[in-house]
Amino acid sequence: MPDSAPSVRRSVAAAVPLLLAAAALAAAAPGTARAAAVPGEATGPTGQKLTVSETKNINPAGLKVTVTGTGYDVTKGIYLAVCRVPAAPGEQPSPCLGGSDFTGGSGSTHWISNNPPAYGQGLVKKFTVGADGKGSFTLELTVKAKDSGADCTQVRCAVVTRADHTHISDRDQDVIVPVTFSSGSGGEPTPEVPAGTVRHQTVRTLTPAVGAAQYLAADPAAGRLYVASDDGSRRQLTTYDTGTGRITGTPVELPAPVSALALDAPARSLHLALGDRIATYDTRTGTLADHKAKLSGHIHLLAAHPAGGTVYAAVQPARSVTVFATGRSPSTVWRQIGKPAVHPFPVAGLAVDTAARRAYTTYVGPNTSTTPMSFHNVLTAIDGRTGRTVGTPLSLGTTALGSMGVTVDPVSRTGYVANLAAGTVFAVDLRANRVAGTLQAGSNPKALAYDGGSGTLYAASTTAPVVTAVDPAGRREKEELAAGDRPSGLALDPGTQSVFVVAEGKVTQLQRRVSPAQAAAPKAVTAVAGKEAVFTASATGTPAPTTGWEVSSDGSAWLPVAGASGPRLAFTAAKAHHGNRYRAVFSNSVGSLRSAPAVLKVTDAPKPPPGGPAPQSAGGTGTSGTGGGSTGGTSTGGTGGTTPGSTGGTTTGGTGGTTTGGTVGGSSYGAESSTGSGSSSGGGGGSLASTGTSALGLTAIAAALAATGTVTTLYALRRRRTL
């Protein structure tokens, strides 16, 4: 009776592709890893060492890694693959990726043996035997998040070695190197932070083409930033797009050095103090009109009432503030309102309260009548309709340099005054004309700006390279923003939540960003096996957060769901997913936030209604055989067997025993008795539930049967070929 391993493989492969799928289970081994070259290593029960070149944040679509093993017993074969991490010690790593590819052609699994069965010749990789008699290998393995063999998006996986099917119950060959996968949407989430955490991040730095930046003004509605620069001989006004940082239009050459800027955006007018006069730049046409107003002295502060048609100009050494009616367009002829409002000391700060049509000024000067000498620190109001000082000047204490820069929140009618010497800011109730509180504000603050949208006060230090973000409501410092040495000017763009800072001759754009805050958490889901399970979640944040997903089988060890991104997680539920917990991971540049977990319950598919057709196998009607204690019995499957889950086939019992049958993934097979032998062949179709794959190879069958605890002899497989 002629025989050959290739012919046996062909005949068996044609008959039992379902059983071949079981080999995938036996051949596969715990998973592989990837992460910006983060290697992993593990030591086995007998001192074997397994090293994997990458184990963290692996692309779920697949990555080739290098796996090296040393110290293995060369008398035993092993499988190298990616498998589920065992739930408990002593359990076999299973199921596995890679199917039943014992040739290693797919790169997802390898069979390594120096003494394989005859049918395994040509299918195995060989150990390299060292001087100590131990085996080693170096192989390339393709690691993916899932295939029909296993799904590492739902379970913890590892790159493993384990005993091959010839001694599959031997756990001494189990060496496990865990791997993790990225979400497939750009890597790991940012570190977790409390919901709503605020961070300011540098977006860009703007450097003028001519000279150093000195003054700036922002127009949030138009998305424009105006920067005046000077190199000592040339002066320019440059316009930038606040969203991109690009220059818009052509920079304008200025006729004299700029000493202050004030923007009236609704009137399309940017006012520039040029020494002792004021010019207006038409922001729509890009033209400059000089000599709109002229004063006696150096103009060092300007403030405009947007849409109010009023400009306030503080002059040195006159210690005065002059009010002009500017009209509502750049072409309007200006007129002075009343006489200049003269102060006892030079004006240190100037800001407009648009709600009251007033300007507020600060000044500080020595009080020579006291010993030791103290200082006057005063906040004064000027009526924009008359140009006169109104109300009672508010004393802000006697600290040296205690009333410097000023800004106003017109909604709450709160004024903020920088106390440079004390490192604080006065919060002033403008309605009641009283100090409402004191805020810590970094180091020696002077320039101030208030963002009503976020409720943030910004204070620029005169002695340190920072701007301090202050929470007036909580009366605390929130963050120090690196902005260059001794920042001298601030401008706000609430539209992009940006603060622009002049320091070191450049402009730094800092953007306020907020970590994710959960808007909707995922809820528990019940799904029928084989049907779709859907979880949803959402969050808010600036910038808008991305959403990834994680899964855990026990609520303690969590894995990224590879390839899952967006507020909706949908997948086909399987019984193996029952009890899994899923949670959303919201992430942006500030940090990440994980939702509470939601549990998946998977129920069985409904049974057919009473009286309906019984499930049929792929084979025909079977004929039962007769058994004999001493002579044995034969059972032959036809072409349409009625056994549920069977795929048809022929089972032959040996002499001296009763043949028994089993099922693997819906295929019927025989098992040898204590004194006889059996053979089996299954029809095509169907799949092994644990792997869902089929492949060619006699070894696959042996592995599949060994994996299910059934012993089958090569003799029986060969004998089947002659039937």
- Query: What distance separates Ser269 OG from Leu263 CG, expressed to the nearest 0.5 Å?
  - Reply: 8.5 Å
- Within a strict 4.5 Å, meaning less than it, do heavy atoms of the Val311 and Leu302 side chains meet? yes
- Note on the structure: All heavy atoms of Val378 vs all of Leu396, minimum pair found to be C-CD1, 4.5 Å
- Message: Once side chain to side chain donor-acceptor pair (under 3.5 Å) is applied, what residue pairs with a partner in residues 422-436 remain, sequence neighbours excluded?
- Response: none
- Message: Centre-to-centre under 6.0 Å for His200 and Tyr458, is that the case here?
- Response: yes
- Here the gap from Thr326 atom OG1 to Arg335 atom CZ, rounded to the nearest 0.5 Å, amounts to 10.0 Å
- Are any of the side-chain heavy atoms of Val258 and Asp230 separated by less than 4.5 Å? no
- Item | Residue that, paired with Val315, satisfies side chain to side chain contact (heavy atoms under 4.5 Å, CB included) out of Val321, Leu301, Ile299 | Ile299
- Qualifying residue for salt bridge (Lys or Arg N to Asp or Glu O under 4.0 Å) with Arg224, from Asp241, Asp493, Asp219: Asp241
- Query: Between Glu253 and Arg234, is there a side-chain N and carboxylate O pair less than 4.0 Å apart?
  - Reply: yes
- Message: Restricting to non-hydrogen atoms, name the atom on Ala341 and the atom on Thr389 that form the minimum distance, rounded to 0.1 Å.
- Response: CB-OG1, 3.9 Å
- Task: Give the C-alpha distance, both sets of side-chain angles, the deciding distance and a yes or no for side-chain hydrogen bond (donor to acceptor under 3.5 Å, both in side chains) between Asp231 and Ser229.
- Result: CA-CA 7 Å; Asp231 69 356; Ser229 61; over 6 Å; no
- Message: Tell me if the CZ atom of Arg204 is crowded by more than 12 foreign heavy atoms within 6.0 Å.
- Response: yes
- Task: Apply salt bridge (charged side-chain N to carboxylate O under 4.0 Å, His left out) to Lys294 and list each qualifying residue two or more places apart in sequence or on a separate chain.
- Result: Asp276
- Query: Is the shortest heavy-atom distance from the side chain of Arg512 to the side chain of Val198 under 4.5 Å?
  - Reply: yes
- Examine the side chains of Thr190 and Ser587 and answer whether a donor and an acceptor come within less than 3.5 Å of each other. yes
- Query: Does the side chain of Thr463 come under 3.5 Å of the side chain of Ser443 through a donor N or O and an acceptor N or O?
  - Reply: yes
- Query: Atom NZ of Lys292 and atom CG of Leu272: how far apart are they, to the nearest 0.5 Å?
  - Reply: 12.5 Å
- Message: Any non-hydrogen side-chain atom of Pro208 less than 4.5 Å from a side-chain atom of Gln236?
- Response: no
- Query: Can you check whether Tyr450 reaches Leu448 side chain to side chain, under 4.5 Å on heavy atoms?
  - Reply: no
- Message: Minimum heavy-atom separation for Phe375 and Thr399, please, with both atom names.
- Response: CB-O, 3.8 Å
- Message: Testing the basics here: between Tyr363 and Pro346, what is the closest heavy-atom pair and its distance to 0.1 Å?
- Response: CB-O, 3.4 Å
- What closest approach, in Å, do Phe345 and His376 show between heavy atoms, and which atom pair accounts for it? CE1-CD2, 4.1 Å
- For Ser589 and Gln201, does a side-chain donor sit closer than 3.5 Å to a side-chain acceptor? yes
- Spacing of CH2 belonging to Trp558 relative to CZ belonging to Arg583, to within rounding of 0.5 Å: 5.0 Å
- Message: Does Lys446, at its NZ atom, have more than 12 non-hydrogen atoms belonging to other residues, nucleotides or ligands within less than 6.0 Å?
- Response: no
- Item | Full working for side-chain hydrogen bond (donor to acceptor under 3.5 Å, both in side chains) between Glu477 and Thr468 | CA-CA 7 Å; Glu477 296 179 359; Thr468 303; 5.2 Å; no
- Arg268: partners by salt bridge (charged side-chain N to carboxylate O under 4.0 Å, His left out), with sequence neighbours left out: Asp282
- Query: What's the spacing between Arg388 CZ and Lys339 NZ if we round to 0.5 Å?
  - Reply: 9.0 Å
- Query: Donor-acceptor pair, Thr462 side chain versus Asn444 backbone, under 3.5 Å?
  - Reply: yes
- Query: Taking side chain as C-beta onward, heavy atoms only, is Leu237 less than 4.5 Å from Leu270?
  - Reply: yes
- Residues His343 and Thr361: side-chain donor-acceptor under 3.5 angstrom: yes
- Any side-chain heavy atom of Thr354 within less than 4.5 Å of one from Pro306? yes
